[in-house]
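See below for the structure under consideration.
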Amino acid sequence: MYIEVILPLPLNGTFTYFVPTEMESQIMIGSLVVVGFGEYNKYHRGLVLCIEQILPSTINVEKIKPILSVESSRPAIRQSQLRFWQWISNYYLCTLGNVFKTALPSSFHMKEKQSERCKIIPQPFSKLNELQKKIFDQIVENFQKKDVCLLHKNISLGEIEIYIHLIERTLKQNRQVLYLLPEIALTRQITNHLKQFFGEQLDVYHSKVNLNKRMEIWNNLLSDKQYQIILGVHSSIFLPFKNLGLIIIDEEHDSSYKQQKIAPYYHARNAAIVLATIHNSKVILGSATPSIESFYNVQIDKYSYINSNEYLKKTKPLPIISIDVKELKRKRKMKTIFSPLLIEHMKQKLKNGEQVILFQNRRGFAPCIFCKACNWTPKCHFCDINLTYHKESDRLTCHYCGRNYLLPNKCFRCGNLNLQSIGYGTEKVEEEVQVLFPGASVARMDLDTTKVKKSLKKTISNFESGQIQILIGTQIIYKGLNINKVGLIGILDVDTLMNFPDFRAYERTYQLILQMVEKVKRQRTQGELILQTSHPNHPLIKIVLQQNYKGMYDMQIEERILFKYPPFSRLIHILLYHKREELLCKVSDKYVHLLQEKLGDRVVGHDKPIVGKIKGLYIRKILLKIEVNASSIALRKILEGIHTKILKTAGLRRVIIHYDVDPI
DNA sequence: AGCACGCCGACT
DNA sequence: GTCGGCGTGCTC
Ligand SMILES: [Zn+2]
Ligand SMILES: [Zn+2]
């Protein structure tokens, strides 16, 4: 007996192995086998894709090796999952081996915590209030017509109660539920809440859950033992569900849903919607700031829509103040990075016993230092980027490769001793706060402070208990920080957020600020937001001040139409990496040429990305804009053809090629 | 991807 | 002489 297996490698196609007679009875399609691969017979786990009694004539008999053992005779995946894998591999332009590798719980990350297993007696469901009931009924009604419903959340809605009732309804129909969240840090609260009602029926699945537990969840789902609820992050879309009835995708706008590290670079929200069609399942997308894409799908009647704001009586909007720092600088009133008004409000809030959060999405002390005489700036030797000065470690650090450098005492180019810094990160904010508010207890929360074990948890609990008065942080403050006595959030530099060179920058900025607004509104304390910007009259700032989602959408959708950006096209980034820049340019030109032959003006451009070199590899980026209704299989064939052509060309073997479909 | 083999320049 | 970077072939 011979079998074709998928191996967890970025190689196209399957590999043929021989099955010794004594193992034949254990082999089924979907079984897991252990095989030796390559000259050293490296052990790999393989998935049986098909079984043959006779050897296919295309392969040399002598090459064929026997399998070493059967790891799992029972199929490890369901038939429907294979179709899903195939879709992922075609759409996200990767091999089935890539999908196989990410889909199965791997024993790679061995550092795990013990999962606590406490018996909980399920409580009766709490009753929905009038509004929640209304929305629940509306969702159920919408599901009759459309499979996907976008729920535009509002803080006073209490959507979790609605979700709980929808879950219960689905379980009653003997169908499974997948509840997706963008980040592990957000699962804890929801777990605790859901456990109260669903007890053992709920399982949590993500990479911090220990491997045994993950295997147990996988096997339980395979053996039809119970109908259950899975709460998890992106990877849980690969679990062997038998019969999904509902997928809840909460915070659907969050870009963490997009896998960035290894192929397949899938978007879990979009993939989950495809998974839902395979299962004939319903989908709820929840967000207070829906993504442009999802809201557009509402406009074209693909998704149904419920705006909870329409059901609620108008509450007083949270005060947001914008401060014109350009004007203040001109009048020389910006003595620090804080405007006088911000300082005034901070003093007031602290006097009231309230807390203050200062947001600056940049860690370190200064993002760039330069020579006053000749403008020289220290750069990373391996990356094309300025080094960030970190005062605490007194080093220059590259944020792309992590290398540290000693601080130069003079300019390397002209020897001048006068080195200055421009811009500011959280460390500098912290320092200035300590000068301005000498008595206050101040903490900083960024990648550098949270790298230390348990320090994130400690800072969070110290802040929540009120011991910390002023918290300075990067985006990390979104991770599981509950606030209840915050009187003021100051966004110190809205301009860098807005001016980020990406067509989604305005959408992101809006979402980031309005998510803060939602956080502040959730608490009893009346809070406010202060935005420091140089463009107080910018349309986006005005829209943010009005807290006008539709305004943001209208403004953005116009731009998307004009420049044919998503949702009016599909973007694909082809990223080329190589050590030598000249060679890379040549490949890039050739690649573009070959692409243009087949795809014409869908090849929009190729250039150096903002950071043109990372970890010693130069980078070129080719941008494709593809029609939304184009066949991904046809496209895959074209790209595959060009890919092999390039790699077969003499001298270009070592070029690394990555496809990023629907890049974020 | 990851490994071995073989080629060529450069360094003790 | 030999070490190491780099191109190439190959994995059932
Ligand atoms: Zn200089
Ligand atoms: Zn670097």
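Reminder, nothing fancy here: chain letters follow the sequence lines and each chain counts from 1. For the numbers below, each heavy atom of this structure counts, side chains included, while hydrogens, waters and symmetry mates do not. None of the values given here were measured: they were computed from a predicted structure.
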Checklist outcome for this item: The nucleotide from C/dC12, C/dT8, B/dA1 with an atom nearest the side chain of A/Arg654 is C/dT8
Checklist entry - Rounded to the nearest Å, what distance is computed from the CG atom of residue A/Leu583 to the P atom of nucleotide C/dG5? => result 18 Å
Next on the checklist: By the 4.0 Å heavy-atom rule, please label A/Leu7 as base, sugar-phosphate, or nothing.
Outcome noted: nothing
Next on the checklist: At 4.0 Å (heavy atoms only), tell me whether A/Lys579 reaches a base, stays on the sugar-phosphate, or touches nothing.
Outcome noted: sugar-phosphate
Checklist outcome for this item: Assign each of A/Glu39 and A/Pro10 the nucleotide of DNA chain B bearing its closest heavy atom; nearer the 5' end lies the nucleotide of A/Pro10
Next on the checklist: From OH of A/Tyr17 over to P of C/dT11, roughly how many Å is that when rounded to an integer?
Outcome noted: 11 Å
Item to check | Near-ring test A/Phe238/A/Tyr266, centroid separation under 6.0 angstrom | outcome: yes
Checklist entry - At under 4.0 Å between heavy atoms, what does A/Ile64 touch on the DNA or RNA strands: base, sugar-phosphate, or nothing? => result sugar-phosphate
Checklist entry - At under 4.0 Å between heavy atoms, what does A/Phe37 touch on the DNA or RNA strands: base, sugar-phosphate, or nothing? => result base
Item to check | Trace of the side chain to side chain donor-acceptor pair (under 3.5 Å) decision for A/Glu4 with A/Thr14 | outcome: CA-CA 6 Å; A/Glu4 297 292 325; A/Thr14 55; 2.7 Å; yes
Next on the checklist: I want to check one thing: is the phosphate of B/dG2, taken as OP1 and OP2, less than 4.0 Å away from some side-chain N or O of A/Lys42?
Outcome noted: no
Item to check | Exercise: do A/Asn219 and A/Arg74 side chains pair donor with acceptor under 3.5 Å | outcome: yes
Checklist entry - Whole Å only: how far is the CG atom of A/Leu55 from the P atom of C/dC12? => result 14 Å
Next on the checklist: Distance check needed: C/dT8 P versus A/Leu647 CG, whole Å only.
Outcome noted: 11 Å
Checklist outcome for this item: Rounded to whole Å, the CG-P distance (A/Leu9 to C/dT11) equals 14 Å
Checklist entry - How about A/Phe503 and A/Phe563: are their ring centroids closer than 6.0 Å? => result no
Next on the checklist: Whether A/Glu640 and A/Lys645 form a salt bridge (side-chain N of Lys/Arg under 4.0 Å from carboxylate O of Asp/Glu) is what I want to check.
Outcome noted: no
Item to check | A/Tyr40 side chain near B/dC3 phosphate (N/O to OP1/OP2, under 4.0 Å) | outcome: no
Checklist entry - For A/His44 and C/dC10, what is the distance between atoms NE2 and P respectively, to the nearest whole Å? => result 19 Å
Checklist outcome for this item: Between CG of A/Asn41 and C1' of B/dG2 the distance, given in whole Å, is 14 Å
Checklist entry - What is the distance from NZ of A/Lys65 to P of C/dC10, rounded to the nearest Å? => result 15 Å
Item to check | Nucleotide nearest A/Lys63 (side chain, heavy atoms from C-beta), chosen from C/dT11, C/dC12, B/dG2 | outcome: C/dT11
Checklist entry - Counting only side-chain N and O atoms of A/Arg580, is one of them less than 4.0 Å from OP1 or OP2 of C/dG5? => result no
